[in-house]
Structures are given as C-alpha cells and as structure tokens.
Amino acid sequence: MKSVGLSILMLLSMTVPALALIGIGGFTYDVSLPAGETKDYTDNVSFRGLGLEARWFRSDNTAIGFTWHWSTFHEQGGGTWPVEDGHVTGHNFRRIRCSPVLAVLYFEMGDIEYGARGPLYYAGIGAGVFWIEKRMEIGTGAYQTTRWHFGFAPEAGFMYGVGFNTHVQFGVKFNYALKSGDNTGHSYLTAIIGVSWAR
Amino acid sequence: MPGSTTMIRTARLPLMTALAAGALSALLPCCSPDSGFNTVADYDVVATHFNPETDFGAFNAFALPDTVVHLRAPDGESGADLSRDYDSLIVATIRENIEAMGYRYVPEESLDLHMPDVFVLVSASLAEWATGSGDWWERWGWYPHWPGRWGPGWRTYYPYPINYFYRSGTVFIDMFDPQQTDPEAERIFLCWTASINGLMVDMPEGARSRIVKKIDQAFIQSPYLAGQ
C-alpha cells in the first residue's frame, strides 16, 4: 500500500499546476462485462454501474484527472464453491462490488476550447486503488471479504461537444485490480455513457 | 488554439457535477440486487470445513457411535422433537461414505482393544442456533469408549471458521482425532465438520433419498479425507 500511496501523491502533485486550466467534469452510466476471476465468480453483465469523472487540461493534448466508479456484478445459482478451509453446496447468491478510485493521465485529440462543438478523442491510463467486496450468501449465512487492491485501467473514448459547454461521452475502459492478500485479482471491461460540463 | 471561442482559465468542478455526485451517492444503495432466496429449499446447504493442519492421509481406522445426538440450543430452548425414524439411515450412509474413502470401521465391541485414529460423531439441532464450541461432555459423555482422561467441562473446538446460523433439523457430522486435544483448556479439536442445514425439517416424500444425497455430497466435496 505504501507504493500505492506514493503513486497517488505523485499524480496529485502533477495535477496541481493544471488547476489553472480548463476542466471537464461529469457523471457516467456504466455497463460492465466481467473477465478472468471476476467472470468465474459472477458471469452476468453488470448493468448497475455509475461513475464520476473530472479532468483538467495541462496542454492542448494532455489532461490529468480523477475517476470514481461503482459496479455491481451478481449471479444466482447452485453448485459447490470453495470457502475458507472448506466448501459449500447449495443455492447461492454471489456478488462482487467494485469501486475504483483512480488518477488518470489522458492524451487528448480534438477541440478542447470552451464551448467547442464536435468530437474530443481521448486515451488514458488510470492507476489507483480498487475497493472490492466479494460476497456469497448461502443458506442462512454469508461469506464476505472486503479488500483494497492496487490496480490500473487503460481507457479510450470520445466526448462530443453539443453546445452549452456540455459534452456527451462514450468510452471503454479495462479495469484490472491486482491480487490483494489471499484475494484473487479482478478484471472487467466497462462501457460508459456520460454527460459532462466544461468550465 | 483554433477557433474563436474563449478558453476559461479556471478548473472549479461544475456545480452540476457536484449535484450529480450527491444524487449518485444517494442511489448507491439501490445498486444491490435481490438475492433470490424464495423457497425453503433455497436455504438447504451442505457445508464442510477442515483443519488445514490435519494430515488425513495418516488416518486409517474410524469409530462411529450408532446414535444421532439431538442438540438443544445453548440456552436450553428446544423446538419440536425430530423424528428418529432416519437415525439408522443417517449413520449407515455416513459409515458407507467413510469406508469408501479407505477407512476401516472399528466396531464398538473392539474399541477397548483397538483405539481408532478418528471418531465420527453425528448430531442434529433441535432449535435454530448459531453453533460454536459446544459442551462436548454433556452431549457425548454417556459414550463408554472415550480415552479415560476426558470428563465434564470438556468442549469441542473448531480450528476453522464456522459462521452459519443453523436451522432446526440441521445434521452435523464431526470428525476428531483423539490425540489432538488440549488437556489444560479441556478442548477437543475437530479436524473435519459437515453441516447439512435443515436436513431433518419438513421431511417431504422421498426423504430417504434426500438424506443419502445430501450426506453423499458432504463427502464428495471433501476428497481430502481420503488423504489425497
């Protein structure tokens, strides 16, 4: 966690000089497709996602920002599942809730001027922490673990200026949380639709 | 910069974003889907836990008292009596499964001459209660074949997480090595436990096959008992 904290501090320090430049912030609706260990545990597409994003331009084609997102994956079923020092069999409800808080470095291409109409393409890489809760309800009991994971998330997309300093945003990002303690890593692909405003 | 629009040199987050943050935070509790437990059968669970420090490969012989002990809740409260019609089936099914894993059964009349590597005890809860270390002697003190050093006050201890709330009629199968005890704390360490939640409640038609199936499942999901 020490290296995670240092990484965030470095990105924060990089952000400070950018505060004098144009900023774009907004919220998103997220649809996520589980992958890897996440898919093994909960195979359903998540339609329960949302997020907040903000970015500040440091130059014509770079920006630094922060993102917070929330996704809930779930699946019901039966079968036998491993638990700590044992196994359980029966109808169960499995859920993973992920909430990454990331600092993001963006590379932008397009018209970033205030009030501009038209597309603003971007690609970025985010790094930070993922809060992940993994829970299985079975019978009258439940197994639950909550961990902080270090992780990263490459992303790409575009914002389209529609006037009134407002942008509609479309993007995809691949979230990857590294293994944390005895918890497996988690990964999922998120498609986002958002609305944002420039100041 | 191309174009004639003006770059605003401020980066305060728009008010709309702040408002959106508040609204989204309020919506977060709505992001937890329903768990979908609708029928009694949805709560049937076969759970098995084991002590990871136990070398099951070292065990060859087992003893199995032919009784299903009925457990009252720690406060003495008891629900309806459970039928004993299926006790012999439960014990026989457990014995078949353990023998199928390569263990040799030590009959009760031979226990004074040959101490088994493990004892297997079967019990059923008469009330809803959260299990934990129990007063072992109160439940099993009547059995005449224990090593002589155990007496009142001894308790069983689970060296692994047991975090269920059990329904009335739950059947427990506990395995312990008589060598793994703590005489000072008067504890008997269990090395394997199976709990079959609600097995003896609302016995429907086909109860016998249900009992056999659930007990079989406890051993199917515990292949390490065979020392593999």
Side-chain angles (χ1 to χ4, degrees), chain A residues 15 18-28 44 46 48-57 60 68 70-74 76 80-93 95 97 99 111-117 137-143 165-166 195-199, chain B residues 1-18 20-21 23-25 27-28 30-37 39 41-52 128 130 159-167 170 192-195 197-198 214 217-218 220-222:
Chain A
T15 308
L19 290 179
L21 299 178
I22 192 169
I24 298 177
F27 61 88
T28 65
N44 292 337
S46 164
R48 297 166 185 260
L50 48 84
L52 292 171
E53 298 193 346
R55 67 186 73 179
W56 294 269
F57 287 87
D60 287 355
W68 169 82
W70 178 279
S71 294
T72 299
F73 300 92
H74 65 93
Q76 294 178 38
T80 300
W81 290 84
V83 295
E84 185 179 358
D85 296 339
H87 292 82
V88 290
T89 299
H91 178 81
N92 60 70
F93 171 78
R95 184 185 70 195
R97 299 199 292 188
S99 181
D111 195 347
I112 65 169
E113 292 186 2
Y114 184 67
R117 293 172 181 264
E137 296 177 8
I138 184 164
T140 51
Y143 293 87
N165 307 322
T166 302
V195 178
S196 54
W197 295 271
R199 286 293 303 265
Chain B
M1 290 285 171
S4 58
T5 50
T6 306
M7 177 180 280
I8 303 299
R9 294 192 174 274
T10 177
R12 287 177 297 164
L13 273 183
L15 176 62
M16 289 294 286
T17 303
L24 293 180
S25 299
L27 286 172
L28 274 181
C30 304
C31 293
S32 295
D34 174 60
S35 60
F37 288 85
T39 66
D42 288 339
Y43 290 89
D44 282 352
V45 177
V46 178
T48 53
H49 292 85
F50 64 98
N51 182 351
E128 292 185 350
Y160 33 79
I162 298 289
N163 49 2
Y164 285 96
F165 191 85
Y166 294 100
R167 293 158 58 198
T170 295
W192 180 77
T193 293
S195 56
N197 217 340
K214 298 286 184 183
Q217 178 58 43
I220 288 169
Q221 68 190 49
S222 307

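Worth knowing before you read on, the calculation uses all heavy atoms, side chains too, and leaves out hydrogens, waters and symmetry mates. Residue numbers start from 1 in every chain, and the chains themselves are labelled A, B, ... in the order their sequence lines are given, proteins ahead of strands.
Each of B:V45, B:N197, B:V46 was scored for a side-chain contact (heavy atoms from CB on, under 4.5 Å) with A:I138, with one residue passing: B:V45.
In this structure, the portions of B:Q221 lying under 4.5 Å from any heavy atom of chain A include both its backbone and its side chain.
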Subject >> Verdict with supporting geometry, A:V83 and B:H49, side chain to side chain contact (heavy atoms under 4.5 Å, CB included) >> reply: CA-CA 9 Å; A:V83 295; B:H49 292 85; 3.9 Å; yes
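Looking only at side-chain heavy atoms (C-beta outward), B:K214 and A:T89 stay at 4.5 Å or farther from each other.
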